[in-house]
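Scope of the values below: all heavy atoms of this structure, side chains included, with no hydrogens, waters or symmetry mates. Every chain is numbered from 1, with letters handed out A, B, ... down the list of sequences. Quick caveat: nothing in here was measured; it's all calculated off a predicted structure.
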Amino acid sequence: MAIRKVVAQRYLLAMALAGVAWMFIFNYLPMYGLLIAFRNYSITRPFSEAPYVGLLHFRAFFADPNFPLVMRNTFGISSLKLLVGFPIPIVFAVLLSEIRHSGFKRVVQTITYLPHFLSWVILGGIMMHWLSDIGLINRLLLEFGLLDEPVFFLAEPRMFWAIAVASEVWKETGFNAIIYLAAIAGIDPQLYEAADLDGASRYQKIRHVTLPGITGTIVILLVLNVGYLLNTNFDQILVLTNQLNIDTSNVLDLYVYRVGIQSARYSFSTAIGFFRSIIALILLISASVTTRRLTGHSMF
Amino acid sequence: MTAAPKSLRRKKHLTSFDVANYSMMIVVCFLIVYPLWYTLVHSFNDGTDTVLRGPVYFLPRLPTLENYVAVFENPEIVAAFGVSAARTAFGTVAHVSFTAMVAYAFTKKRLIGRRIWLSMGTVTLFFSGGLIPTYLLVRQLGLIDSFLVYILVPMFNFFHCIIFMNFFRTIPVSLEESAQIDGAHEFWIFTHVIVPLSKPVLATIALFNGVFNWNDYFYGVIYINRQTWLLPIQTFLFRVVASSQAHAMLNIYSHGVVRVTVTPESIRMATMMVTTFPVICVYPFLQRYFTKGMLLGSIKG
C-alpha cells in the first residue's frame, strides 16, 4: 500500500526531495558543523578526531577584550537603524500618498525604490569619494564655514554609526515604504469621504483615518524588525569598515569573518557565530510569538 | 486609491501643505539621483581635468568616452563582467526553477512526509549554521575556486519557497485535474500548466534573485581564493574601492595602453556606472511585479 503510494507520486516526491536534499546539505550540515564550537577543529584532520574542549571557546569569547566592544557596536548600530530607519518610511509613505498627481507619484516611487537595487560596493565607492577629505561633503561644509579643516569622515570612529544609519536610510527608505503604501491604498475610501463630509482637514484625515488604517502593518513590521535586530547588514559594514574606524564598526558578523576567515580560527569563530545564532533565535521566536498573539496568524 | 475620492479632491486648490509636500518629494528625489548623476558626470569627464581643475557638478567639462574605452580595454574588468553576467543568468534560472519546483511539490497535501519537509524548511528561517560552518562545508564539497559555488549555494531559499507556495495555492485546482485525467504526471503539470500561469511571481523572484546575483560581492570575497579570474565585477570593485588595496588599483589599470587623460578615479567611476547600468535598465520594467511580489511575500492575512 505504502509502496504503491510512493510509486503513484514518484514525480511529486522526487521534486520535493530535491529541495529536501538541498536543505539537508546547505542548511542542516552547517548546523551540525556548529558542533566544532565545542572542539578544537583544524583542517588538517577530520572533524571527528578534533579534541573535545567543552565551552572553552565560548569562555574565551566572553573574556575577550573585543567582546564588550563587538556587542556594543552590534546593538548600537542595529538599534539606531531601528530607531531612525523604522519611522522614516512610514512618514514618507504617508506623505507620498497625499500626492494627488499620479504621474508625479509614480516618478517619485521609481526614483526612491532605485537605491535598494544598487550594490553596497557601488554605494560604498560613492561614499568613499564624497566623504573623503577632498570630497564633496567637506567642500560644502568648508564653504559654509561649518568646518575649519577637512575631515576624513570614514576614518573617524565617532562618525561611523551615523554614516551606517544615514546610508542605509538613503538606500532603503523608498523600498521599505512600499508595504505602507499598499496598506494605505487598502484603506476604505468611504472613510475619507465621510471625513470630508465632516469637514476634516488634511492633517485630521492623516491623523484619524490614514494612521489608524496602517497601525496593524506598523506593529507587525516593528516586531519583525526587532526579530532581525542582529542583522546589522554585513554587506554594508564590510564595505565601510577600515583600520581607523574598527573600534566602532566591529560588529558580531564582521568579527566572525575576521577571526574565522582571515585568521582561520575556525572553532573560536564558530563559537561566536553560535552565540549570535542563539540570540537571533530568541529574538525571532519572541517576535513570532508576539505577531501570532497580535494577529492570530503565524509569521511565516 | 479609487477614482471617486480623487475626482472629489481634485476640485480643491493646492494648499500650502501640498506645496511643502511636493517640494519635499523633489528634494528627496534630488538627494537620491544626484550622487548617481555626480558619478555619471565624472565617468564622462576627462580624468586629468577632474584632478587639475576640481570636480564637475552638473555636466562634464571636458566630455570624453576615454574612461569607458579604458574600462572595456582592460581584460580583467571585461572578464569580471563576464563572470557576473554568467553567474546572474545561470544562478537566477537555477534558483527560480528549482525553488518553484520544490514549492509546487510542497503545496500538494498528498505529498508523503509533507509536514516534516515543511517544518524542516521553517527551522531554516529561524536558525542557521552561520558563516564559518557554511564556509567549511563549501570547502569540503570542493566548491572553493569553482564557478558552481555561485549556482549551488544560493539555489534554494525557504522564504522564496513560501512566496511561491502562497501563489500556487491561488491557482484553481480544476486546471491541474483536467491534465491529470489525461494521464500527465506532476512534473509535466508543473512545467506546462503551473509555470505559464505564474509569470508574475516568477518575475518577482527572478528580479530579486537576479539583483542579488548581480550585486553580491561576498561570495567572491570568501569562496574565490586563487582563481581570481572567477571574481565577479562587484568583488573586483570591492577590492579596488573598499580595501587597503586601493593603491594596487594603479597596477590593475596600468596594463593596456597608457592614457594621459584617464586616472584611476575616472576609470573607477566608469566601472561603477557600467556595473550599475544593467540594474537601472531592468528594474523599472519589473516594478509592477515586485510591488505585487512584496505583498505576496509579506505576512499572510
Side-chain angles (χ1 to χ4, degrees), chain A residues 5-6 9 11-13 15-16 18-20 22-23 26-27 29-31 33-34 95 98-100 108 110-112 114-115 117-119 121-122 124-126 128 130 136 178-179 182 185 189 192-193 196 202 220 235 239 256-257 260-261 266 269-270 273 276-277 281 284-285 295 297 299-300, chain B residues 1-2 4-5 9 17 21 25 29 32-33 35 39 101-102 105-106 108 110-112 117 120-122 124-137 153 155-156 162 185-187 211 215 217-218 222 234 237-238 241-242 272 275-276 279 283-284 287 291 294-295 298-301:
Chain A
K5 206 178 161 194
V6 171
Q9 56 169 260
Y11 285 97
L12 191 65
L13 205 55
M15 290 161 79
V20 173
W22 189 94
M23 287 196 286
F26 290 101
N27 291 138
L29 285 183
M31 287 184 207
L34 278 174
L95 290 178
E98 290 296 318
I99 300 275
R100 296 167 197 168
V108 174
T110 306
I111 290 175
T112 51
L114 176 67
F117 294 93
L118 301 178
S119 78
V121 174
I122 300 290
I126 296 176
M128 221 72 70
W130 282 47
L136 194 62
I178 291 180
I179 197 143
Y192 289 101
E193 285 163 40
D196 276 332
R202 209 52 178 286
I220 292 174
D235 272 0
V239 166
V256 169
Y257 168 73
I261 305 287
Y266 298 123
S269 56
T270 301
R276 180 205 185 283
S277 292
L281 180 70
L284 262 176
I285 289 182
T295 63
H297 292 277
M299 197 159 80
F300 297 106
Chain B
M1 296 273 158
T2 49
R9 285 186 192 178
F17 174 87
N21 199 8
M25 290 299 162
C29 288
I32 286 176
V33 171
T39 314
M101 179 190 79
V102 175
F106 280 178
K108 294 291 156 242
R110 62 174 184 281
L111 173 71
I112 296 168
W117 316 140
M120 247 182 105
T122 310
T124 68
L125 297 174
F126 287 86
F127 195 73
S128 78
L131 180 68
I132 305 300
T134 308
Y135 167 78
L136 292 174
L137 170 79
V153 179
M155 194 160 78
F156 182 82
I162 295 174
H185 56 73
E186 287 94 350
F187 188 70
V211 169
N215 280 347
Y217 68 94
F218 194 60
I222 67 166
Q234 303 282 356
L237 269 175
F238 171 73
V241 163
M272 278 163 49
T275 311
T276 314
V279 176
Y283 118 96
Q287 193 175 334
T291 313
M294 277 284 288
L295 304 173
S298 58
I299 318 92
K300 305 185 276 184

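- Here the closest heavy-atom approach between residue A:S269 and residue B:I132 is recorded as OG-CG1, 3.4 Å.
- A distance of 4.0 Å separates CD1 of A:I99 from CG of B:N21, quoted to the nearest 0.5 Å.
- Comparing A:V108, A:I261, A:T112 by heavy-atom pairs within less than 4.5 Å of chain B, the highest count is held by A:I261.
- In this structure, the side chains of B:P35 and A:W130 come closer than 4.5 Å at one or more pairs of heavy atoms.
- Ranking A:A18, A:G124, A:P30 against chain B, the residue ahead of the rest is A:P30, based on heavy-atom pairs under 4.5 Å.
- No donor-acceptor pair closer than 3.5 Å links the side chain of A:D235 to the backbone N or O of B:F218.
- Here B:Y217 is the residue among B:Y135, B:Y217, B:W117 with the most heavy-atom pairs under 4.5 Å with chain A.
- In this view, B:T39 and A:I126, B:M269, B:M272, B:M273 satisfy the side chain to side chain contact (heavy atoms under 4.5 Å, CB included) rule, not counting sequence neighbours.
- Nearest approach of B:S128 to A:S277, heavy atoms of both residues: O-OG, 3.3 Å.
- Most heavy-atom pairs under 4.5 Å with chain B, from the set A:I285, A:L95, A:L118, A:T270: that is A:L95.
- Both the backbone and the side chain of B:L111 come within less than 4.5 Å of a heavy atom of chain A.
- Counting heavy-atom pairs closer than 4.5 Å to chain A, the top residue among B:M120, B:R110, B:K108 is B:M120.
- How far NE2 of B:H185 is from CG of A:L12: 12.0 Å, rounded to the nearest 0.5 Å.
- Contact of A:L29 with chain B is made through the side chain alone, with heavy-atom distances under 4.5 Å.
- Taking OG1 from B:T276 and CZ from A:F117, the interatomic distance works out to 14.0 Å, rounded to the nearest 0.5 Å.
- When all heavy atoms of B:G121 and A:M23 are compared, the pair lying nearest together is CA-SD, 3.6 Å.
- With a 4.5 Å cut-off on side-chain heavy atoms, B:F17 and A:E98 count as touching.
- Each of A:N27, A:V256, A:T110 has some count of heavy-atom pairs under 4.5 Å with chain B, and the biggest count is that of A:T110.
- Between B:F156 and A:W22, the ring planes lie tilted relative to each other; the angle falls in the 30° to 60° range.
- The distance from the CD1 atom of A:I111 to the CD1 atom of B:I32 is 8.0 Å, given to the nearest 0.5 Å.
- Closest non-hydrogen pair, A:L34 versus B:G129, comes out as CD2-O, 3.3 Å.
- Looking at B:F106, only its side chain comes within 4.5 Å of chain A, counting heavy atoms on both sides.
- Evaluation of the side chain to side chain contact (heavy atoms under 4.5 Å, CB included) rule for B:I112 yields A:K5, A:V6, A:Q9, A:L13 as partners, not counting sequence neighbours.
- Contacts between B:F127 and chain A at a heavy-atom distance below 4.5 Å involve backbone atoms as well as side-chain atoms.
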